[in-house]
*Asks:* 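Before anything else, here's the structure in question.
The figures here come from the full heavy-atom set of this structure, side chains too, leaving out hydrogens, waters and symmetry mates. In what follows, residues are counted from 1 in the order of the sequence shown. Bear in mind that the values here come from a model prediction, so they are computed numbers and not experimental data.
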Amino acid sequence: LLGVPFLARPLGRIARARVRAAEAPLPHDLTSWHTYELEWRTGGCTFRVDGGEVLATPVAPTPPVGFVAWVDNQYATASPDGAHAFGRLEVPGKEWLELAGVEIRPL
């Protein structure tokens, strides 16, 4: 429905008010092994790579939630002015995700 001109702005405002998200680029060599850590608290989340903070945000998911890991080249953006975009990033070669272990524990 975001493609319908007279609906795009009002629906975009509603979506932005309801969808809380945060993101940050990862400047790391993603072909090497890393340790990823997500500290999730009531007042927000902190994401670390190899012990270094990459993102701190007051945004925290509302339970119940589950753990999902995947590789994806699709994106969707929505800016405060009502603009939106959808697309796919080019994939230069084979990609995969390999996990040596996953640990989920209460703080």
*Asks:* Taking only residues two or more places apart in sequence or in another chain, which ones pass side-chain contact (heavy atoms from CB on, under 4.5 Å) with P63?
*Replies:* W40

*Asks:* Indicate, with yes or no, if V71 and F67 share a hydrophobic cluster defined by side-chain heavy-atom contacts under 4.5 Å among Ile, Leu, Val, Met, Phe, Trp and Tyr.
*Replies:* yes

*Asks:* Restricting to non-hydrogen atoms, name the atom on T42 and the atom on A60 that form the minimum distance, rounded to 0.1 Å.
*Replies:* O-CB, 4.0 Å

*Asks:* Can you give me every donor-acceptor pair (side chain of residues 90-101, partner residue at least two apart or in another chain, under 3.5 Å) with its distance?
*Replies:*
none

*Asks:* Looking at residues at least two apart in the chain, or sitting in another chain, which of them share a side chain to side chain donor-acceptor pair (under 3.5 Å) with T31?
*Replies:* D29

*Asks:* Which residue pairs satisfy the ring-ring contact (aromatic ring centres under 6.0 Å, His included) criterion with at least one member in residues 8-33, sequence neighbours excluded?
*Replies:* H28-H34

*Asks:* Check which hydrophobic residues are tied to Y75 through side-chain heavy-atom contacts below 4.5 Å, counting indirect links as well, and list them.
*Replies:* L89

*Asks:* Which residue pairs pass the salt bridge (charged side-chain N to carboxylate O under 4.0 Å, His left out) test when at least one of the two sits in residues 47-74, sequence neighbours left out?
*Replies:* E37-R48, E39-R48

*Asks:* Could you pull out the closest heavy-atom pair between V54 and A24, with the gap in Å?
*Replies:* O-CB, 3.8 Å

*Asks:* First locate atom CG of L26, then atom OH of Y36, and finally report the distance between them rounded to the nearest 0.5 Å.
*Replies:* 6.0 Å

*Asks:* Excluding sequence neighbours, so at least two apart, what forms side chain to side chain donor-acceptor pair (under 3.5 Å) with Q74?
*Replies:* none

*Asks:* Are V49 and L30 joined in one hydrophobic group, where the rule is that I, L, V, M, F, W and Y side chains link up if heavy atoms are under 4.5 Å apart?
*Replies:* yes

*Asks:* Under 4.5 Å side-chain heavy-atom separation, chaining through any Ile, Leu, Val, Met, Phe, Trp or Tyr, what else clusters with W70? Say none if it is isolated.
*Replies:* V68

